Each structure stands twice: as C-alpha cells, then as structure tokens.
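Dropping the structure in here first, questions after.
Quick note: residue numbers are just sequence positions, from 1. Side chains included, hydrogens not; waters and symmetry mates left out as well; all remaining heavy atoms used. Remember, predicted model here, so these are calculated numbers, not experimental data.
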Amino acid sequence: MNLLKKCCSCFRKKTEGAPTSTSDPTTDFKGQPRLPTFAVPKRYDIQLKPDLAACKFEGIVSIVVDIVADTRFIVLNAAAQLHINSDSVYFSDPNSNKVFEKPKVGQVQADEILVLEFSETLPKGMGVLTIGFEGVLNEKMKGFYISTYDHNGEKKNMAVTQFEPAYARQCFPCWDEPSFKAKFNITLLDVPSELVTLSNMPVDEEELNGNLKTVYYQESPVMSTYLVAVVIGLFDYIEDHTPDGIKVRVYSQVGKANQGKFALHVALQTLGFYKDYFQMPYSLPKLDMVAIPDFAAGAMENYGLVTYRENDLLFDDHHSAAANKQRVTTVVAHELAHQWFGNLVTMEWWTDLWLKEGFATWMSYMAKDKLFPEWKIWTQFFDHESSEGLRLDGLAESHPIEVEVNHASEIDEIFDTISYKKGASIIQMLKGYVGGPHFQNSLATYIKRHARSNARTNDLWAVLKEECNEPTMDKIMNSWTKQEGYPVLSVKMKNQTLEIKQSRFLYAGSRDRCQWIIPITYCCGDYDSLISLLMEKKSETYEIKDLLSNITDPARSWIKLNVEQIGFFRVKYDDGLAAKLRYAIEQKCLSVTDRLGILDDSFALCMAREMSLTSLLTFMAAYREELEHTVLSNLIKIIDKIERIVADARPKLMNYIKQFFIGLLLHAAANFGWDPKQGESHLDAMSRGDIFTALAVLGHEETINEANSRFNAFLNDRNTPLLHPDIRKAAYVAVMQKVTSSNKAGLESLLKVYRETDISQEKIRILGSLASCPDESVVYEALNFALSSEVRKQDAIFGLAVSKEGREVAWKWLKNNWDKIWTTYGSGILLTRFVGPIVSSFASSEKMKEIGTFLGRTEASKVRTLKQSMEQIYINSKWVQTIRNDKDLAEAVKKLANK
C-alpha cells in the first residue's frame, strides 16, 4: 500500500488524493487520534529565547520534513497556548530553491493540531518548514514552565521543560507523537550569562554579548519530542566520569551540591550495570541530573538531561532517612533504565507505555540488588509493586496493560499503577518462567534490534519466542497484557490431589469468563520440592502423593502455591490448607516473601467478602513475632485499613481492635527500639520508623509520650541524636495526636520546623503528619496549609494523609476548595492524587451517592481514577455490611486483644 493510500485509509477518506481545499484548512483533520503521515520530520533546528523575568518566550523552528505523498497540507501539533506567527510560516524546497509562502493557517484547540494549507502541491522529498511562535512560561509544571527558588533571600525564576507525554507542542510546533523520531539542534538565545543552561546534548558553542549569552548545543541522535529538554537557572553541580568516559553531573540549588553525592554514586554504578546487562553502552556523551524545586512527577527521563523532584534526587547525611536513600536509588535507577527502555528504544504509541514504564520499574530492582544486595530488595518487590498492582487491577474500573489511546487527552490517565507496577510484575513473572539468562539475552537482542527506532509489545514477544524457543509466547503473554484483571486460584486438597480452579478476582465479588495461561509454582513442606507448570485450562488437577509421602513433621505438611510470589495472581486455599500455612508461619517455616504474599492475599479475600474478618484477624495473630521489614510494612497497611473499616462497621469494637493491633506490633517495637543500633541493617532502620508511626496512630500512650519527649529535645537542638531521621515521621505523627483546637502548641512547633528547613524531605515528613490529628478542626487547618503558598503545588498531596476522624471534614474541605484545586491541578495526575485519597476511604452507599452527585457536576466524573475511587466506596460499603453480620467477630476480637 503506498503511503498516500495508507494515510487516507487512516483518516477514513474515500478519495485517493490529499484532502480538498475548503475555507477552513482544518476540516479534514479534526477529531483524529493520530497525525497523518504524508509529511515526516527528520530534523528540528529550534531557537528559543526565554524571558525569565516576564515569564514568556519566543522562538523559531526549522524542520527538515520528508514529503512522502502528494499533498498541499502539513499537519503537526501545536497547543492552544502557543501563538503561531502566521506571516513567519513558509516551506522551502532545497532542490529547486522554491519557497512556498503564506499558507492558510488553522489550529484546532481540542486536538492541539496546526494545519498548514499551501496554494500548490508540495514537492516530494526533503524540504524545510519554518515557523515562528511565542508563548508563556506557565506555572502548571508542564510544557515550558517556571519554577521558583530562593537565592540569598531573593525569589528567582528558573525555566524548565516537561514534555511527557504530549507537552512539547506547548513549547514549539512539532510532530508530538513518539513514533516521529528526529534529530534536534537546540539554540538558547539571549540568556543571562550567569545562569546555567542545559539541554539534552553537550554545549557546542557559547557566544557572550555583554550580560547575555547564546548557547548552541550539539545535534542529538534521533529521539521523540517528549524527550527534548531545556533547563535554565542558577545551579551548583558535582561531577564524575564512568570508566568509559561518560561525564555525569548532578545539579542542585546553590549550596546543596553535597546533597547530590549519593545520587551521583548511584548513577555511575547503574550506568555500568545497565551497559553490561543490555550489552549496549549508554548512547550519549554526557548525563546531567537536575533537582527541580517545582516538579509534577517524581522524575523525567529526558535523553541526557534527567529532571527530578528535589526529594527524589538529593540526600542529606544528617537529615535524610534510610527510606529516603532507597527512594533516591529507586528513582535514579528507574530513570536511567529509560535511557535504554524508552529513549533508545521507544514505544510506537502510548498503548505500549508499559514497555518503558514497566521495564524501567523492574530494571530499577535489578540495579538496586546489584548496588545494595544487603537491602534484600526483591523481598520488597511484592509489597511495593505486585501488591499495589493487584490492588488496583482487582477493580472493575481497571484497564488492560495494553490500553487503546484514541486521543492525546487520554494519555495522562494510563501513567498509573497498571502500566508501572502490574507491568513490572508480569515482567518478573515472565523472567521466572523463561529463566534469568534467557530473559537477559532476549532483552539485549530486543534493544539491539530496535535501537534508535520504535517498537510494540509484539516485537518483544517475537524476540522472546526466538531466544527462549517458546513458540506460544505471544499467546501466553497476551492473556496478561490485552485483558484487564488477573485470576484468583481456588485450591483444594482431595485424596492427595490438588484441585485448582481459576476465575477473575474482583473486589466487588462478581466473576466473568476471563481466562489466563498461568505459570504456576508450588512446593510441599520445603523449598527443595519446587514444581513448575503452566495452567492453560479453567480447572486442573495435580497428583502430589509422592511429594507428601515422606512428610511426617506437622510443620512441614504445608503446600504453598506461587512460590516467592513470582506470579501475578492471588491464591485462595481451602480451610485445611490455610490452617497448615498458618502453622508454618508461626513455626517460621516459610520465606519472607511467602509470608507476605499469604497475608496480602488473605486481606484481599476478606475485602472481597470471601473470607470473614474474624478469620483474617485470627490469621494475622500468627505474625505477632514478625520482624522482617516487608512483612511488617504490609501488616501496617492492613492494620490501618481494617481499623478504618471497623470504625464504620462495628465502632464498639474499636478499643479491642486497637489493643490487638498494638499487641501485634509491640514485639517488633521492643526489638528495634528508638535508637539506631551499631551495624543494624538498612531494612531494620526503615522498620523502626514504620512501627512507631503505626503505634502512634493507634494511640499507644507509651509511644506517643516517648516521641513527644524526643521531639521537644529536637526543638532545643536540631542535631540531637534523640530524633534520628528514621523516626522523625513517627515523632511528628505522635505530636499531632495530642494537638487539639484548644492546644495547638505541637502544630505550631511543627510548622516552625517546616518553615526553617530548606530540605524537601523534612518538609514532606511534616506535611504527611499534620492531618493525622484526631481533631477535625485541626485537620481542616492542616489541609488549608497544604493548599497554601507555603507548600509547593506538587507537595500538597502529601498533606492528605487524613486521620479516620478527619474524613468528613476533609470531604467538606475538598468541596469548599474545589474551584481552586481544579484551577491549580486541572484534570491531570495531580488532581486524581488529590481527590482519590479523600473520597475512597468512605464506606456507605449514602456517601457514594453524595460524592457521585458532586463529582457528576464536574469534568472530574470522566476521569478513570476517580471512577476507581467511587468503586472503592462501593466495595467498602459491601464490606461493612458483611462485617456487621459477622456473628463471631466480637468474641474473637476480645480474645485476640487479651492474649
């Protein structure tokens, strides 16, 4: 099919030629999901002249375009915020020296396209399209925007780009789709000479003109527009080189350079590891990593110029916690994985977003395990990634990993748990199925085959088929990527035979006809008897007589499916098998990850009303002596959710529930203590803060009093060893438990610390503590502070950790501030992170109706993540009804509390 016919077919036209002329050149191009392909960009020459004081910019772009079909039209992207100078637009043919001037210029705001209609057909082959434009340096943290910082007591602006997923069009006219890869030559004009100017490539030449400078950058390799980047501001930096000569720098605000040392170390080691793992070196001559004060995402993998939130890049030896060190490592490793998965090999369209985000998430664990094996990072993978993926994918309002994207406005919504965490989890399952060496070789082949081009999911399956000699690879994996949800395996033991049935797991409790091809592992009594198989039917049986014949020890009579939680599914055991697993947990016969997985599955089954709360609480008692970080982390999350749901369902049992939960955690608290121990592990350091934070929220008086005492010492001496960064969050939460509307001394002290520190991690710890107060009026005040000018826009969401007592007042606050929130955050990711935590904790049909009515009057009702929050309310309401009908609960809770 020739390219013209292909293009016209895409646009569903019956004519064979290019669209006919009308008074409106945009008529034939409105409402289309993709740009036409009769003109393809090859190289951009971009000149940008930013004015940081006036918060505006202007520029000229000259684009080398390959005209591949007869057409009088050129269609590309330009956002409504970008003003096009119509008189500046022309197309030149280098072969004939002919210039095509004064085309009709039309813009479609809804589709963010720019349509140019020339008076005659453009010659095929290479030509140059030139367009002048101007725009505003906005405050929305996307496109070309302004971030503010303080320098010597003076507020200053820096200019930053954030083009993913489709915001390059807000800065310059372009083919703003990932498949239109091109080379970029960037020039920054008339920039104040004292400022640092950065782009994807090294500086080629710099010209000084008094107090201003013009900076020319080297030409980039081919890349997608969403990876183009520019940063202009006042920075310090530290630098080092990889063994093969790649210059790596970490840029930060003036005076914070030393806080970049840890990230620099991680980057250098990670680049070397990825080079070996992918069998492909890093492809640019330099890598800059920049801490940006105002930044919507965690970080952005711009080719050669990675931008970060400050708290995700900088690490202070005296004020950062162990959790902060792990977070910095995670984010740096994730973004550098993108330099291969995403930048070098790019998804063809956003439907395959998971190809970069799922892989970058998974590869970050490979890097962390290589750099810090003592962190036992793979034990955390299930808690941080798979568990969260299973949680969201258990909703009817989930979506497939490969989700159709029919308009640029839909892209933001799929930057979610499914693309990142479920994507990473099925990669881990796939690696477990084919084996590590086969998987690594397959990824290296995939990278080499598709380097500097685009790929789809099927391209990855094709490589795996070849390298692993697995002809049904696409059939297996399509069941996981092309349909939403995941299975729960119901397991029964009958006559020494395992009966396994699969069905879709949904918290709402319904079932459908979905079916998966499932890589399953199981073992009986020990981990030496590991069995692997592929379940291809709805139900199957497996005789295990031989495995059971030699087991005489009751502690070894257990059977565990999904060994080490490698598979992305849940398991429901019959009562007999479940009882044996509980005994195995008490006897410490199971691995950390398996103890964690059984706990997580049990909680999910309880929320789905397939296990009673009485049974769940009785099962949780087996974890009284648990000391492993990942299990404790999951246990604490479950405790919080159960406490909130019981407060709605059976409030008279709350004191017993709290007493039981405190008892579950006290063994760990006594083991870790308040102060760091010589030679303790990284995981123990993180557990300490988690345990005491949870005990403070549960109202444990001894914890609250000790934490307040240590906080008072900290107020008198910010360097006191009594309040190590690992326990500061716990102390801040404990302080807020004593704050009331009539005694705000603790709140005022915390705000004083917030205002005095310039360390973003410290500010976030405080923000995340303020609304934990049980006093409703204080919660309202804390939420107002989160939305104030003292809190950076991207950090406000940390202030939404609202106590169960503060839910109603938080909802009232949200309604009262809706217009401000909508204006500030629009319909993007930050809005959904703002609304979801507040509304999804409710548990009544009346509240669901009230929230639905309110959101129904706004554009937010169309946002998938808010639909998911509404579904969560429905699930909670059904769960509450089930708990109210649990006749055994009261007696069981009282017994558990008194043990």
Side-chain angles (χ1 to χ4, degrees), residues 376 378-383 386-387 390 488-489 491-493 498 521-530 547-548 551-567 569-607 610-639 641-642 660-671 683-684 687 690-691 694 892-893 895-897 899:
K376 302 177 183 176
W378 286 110
T379 67
Q380 300 182 56
F381 182 86
F382 179 82
D383 188 41
S386 300
S387 175
L390 291 164
V488 55
L489 302 187
V491 186
K492 295 181 180 180
M493 172 74 85
L498 277 183
T521 54
Y522 68 89
C523 56
C524 302
D526 60 51
Y527 288 92
D528 296 330
S529 63
L530 182 68
L547 291 174
L548 297 174
I551 296 178
T552 56
D553 181 358
R556 292 186 58 242
S557 63
W558 51 269
I559 297 172
K560 172 66 172 67
L561 263 73
N562 199 12
V563 178
E564 301 296 350
Q565 299 302 122
I566 297 297
F569 53 86
R570 297 200 184 278
V571 182
K572 180 184 180 182
Y573 298 93
D574 67 22
D575 291 343
L577 293 173
K580 290 178 179 179
L581 284 170
R582 179 190 171 184
Y583 184 71
I585 291 169
E586 291 173 334
Q587 298 301 311
K588 300 179 174 59
C589 296
L590 298 183
S591 71
V592 175
T593 311
D594 281 335
R595 297 200 302 275
L596 168 61
I598 294 168
L599 177 64
D600 196 72
D601 283 353
S602 299
F603 174 71
L605 290 166
C606 183
M607 186 185 290
E610 295 191 24
M611 173 188 280
S612 69
L613 183 57
T614 297
S615 297
L616 175 63
L617 294 175
T618 303
F619 190 81
M620 289 171 66
Y623 292 83
R624 283 184 185 274
E625 297 183 2
E626 185 61 63
L627 294 175
E628 289 290 343
H629 171 73
T630 48
V631 185
L632 288 171
S633 174
N634 194 270
L635 186 65
I636 288 168
K637 286 186 281 189
I638 290 171
I639 285 172
K641 290 173 183 175
I642 293 177
F660 169 55
F661 287 158
I662 288 170
L664 277 182
L665 301 177
L666 283 179
H667 176 74
N671 181 79
L683 295 179
D684 285 355
S687 292
D690 291 348
I691 288 290
V893 168
K895 286 182 178 179
L896 290 167
K899 276 191 177 180

Tell me, do Met611 and Lys572 make a side-chain contact under 4.5 Å, heavy atoms counted?
no
Ile642 side, atom CD1; Met607 side, atom CE - distance, nearest 0.5 Å
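One gets 9.0 Å once the value is rounded to the nearest 0.5 Å.
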Side chain to side chain, Leu665 and Leu635, heavy atoms closer than 4.5 Å
yes
Taking the side chain as every heavy atom from C-beta outward, state whether Val491 and Ile559 have any atom pair closer than 4.5 Å.
no
With sequence neighbours excluded, residues passing salt bridge (charged side-chain N to carboxylate O under 4.0 Å, His left out) with Arg570
Asp600, Asp601
Around atom NZ of Lys376, are there more than 12 heavy atoms of other residues, nucleotides or ligands at under 6.0 Å?
no
Decide yes or no on side chain to side chain contact (heavy atoms under 4.5 Å, CB included) for Leu596 and Gln565, but give the supporting numbers first.
CA-CA 9 Å; Leu596 168 61; Gln565 299 302 122; 6.0 Å; no
Excluding sequence neighbours, so at least two apart, what forms ring-ring contact (aromatic ring centres under 6.0 Å, His included) with Phe569?
none
Any chance you could lay out the side chain to side chain contact (heavy atoms under 4.5 Å, CB included) test for Ile566 and Phe381, step after step, and finish with the verdict?
CA-CA 10 Å; Ile566 297 297; Phe381 182 86; over 6 Å; no
I need the Leu599 CG to Ser387 OG distance, nearest 0.5 Å.
9.0 Å
Consider side-chain hydrogen bond (donor to acceptor under 3.5 Å, both in side chains). Of Thr593, Thr630, Asn634, which one does Asp383 pass it with?
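It is Asn634; the other options fail the test.
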Do Glu626 side-chain atoms and Glu628 backbone N/O form a donor-acceptor pair below 3.5 Å?
yes
Partner residues of Tyr583 under the ring-ring contact (aromatic ring centres under 6.0 Å, His included) criterion, sequence neighbours left out:
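Applying ring-ring contact (aromatic ring centres under 6.0 Å, His included) to Tyr583 gives none.
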For a 4.5 angstrom cut-off between non-hydrogen side-chain atoms, does Arg624 reach Phe660?
yes
Taking the side chain as every heavy atom from C-beta outward, state whether Val592 and Trp378 have any pair of such atoms under 4.5 Å apart.
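With C-beta onward as the side chain, the pair stays apart.
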Please check if atom NZ in Lys895 has more than 12 non-hydrogen atoms from other residues, nucleotides or ligands closer than 6.0 Å.
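No, because the 6.0 Å sphere around NZ of Lys895 holds 12 heavy atoms or fewer from other groups.
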Would Leu632 and Asp690 count as a side chain to side chain contact (heavy atoms under 4.5 Å, CB included) here? Give the steps.
CA-CA 8 Å; Leu632 288 171; Asp690 291 348; over 6 Å; no
Test item: Asp526 side-chain N/O and Ser529 main-chain N/O as donor-acceptor pair under 3.5 Å
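Yes, because the side chain of Asp526 sits within donor-acceptor range (under 3.5 Å) of the backbone of Ser529.
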Side-chain donor or acceptor of Tyr573 paired with backbone N/O of Ile598 under 3.5 Å
no
Taking everything shown except Lys641 itself, do over 12 heavy atoms lie less than 6.0 Å from its NZ?
yes
Is there a donor-acceptor pair under 3.5 Å between the side chain of Lys560 and the backbone N or O of Asn562?
yes
Backbone of Val563 reached by a side-chain donor or acceptor of Tyr527 within 3.5 Å:
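Checked: no pair found.
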Heavy-atom check, side chain of Ile636 versus side chain of Ile691, under 4.5 Å
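In contact.
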Please report the interatomic distance CE(Met493) to SG(Cys524), rounded to the nearest 0.5 Å.
6.5 Å
Hey, what do you get for CG (Asp594) to OG1 (Thr379), rounding to the nearest 0.5 Å?
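Asp594 atom CG to Thr379 atom OG1 measures 12.0 Å (nearest 0.5 Å).
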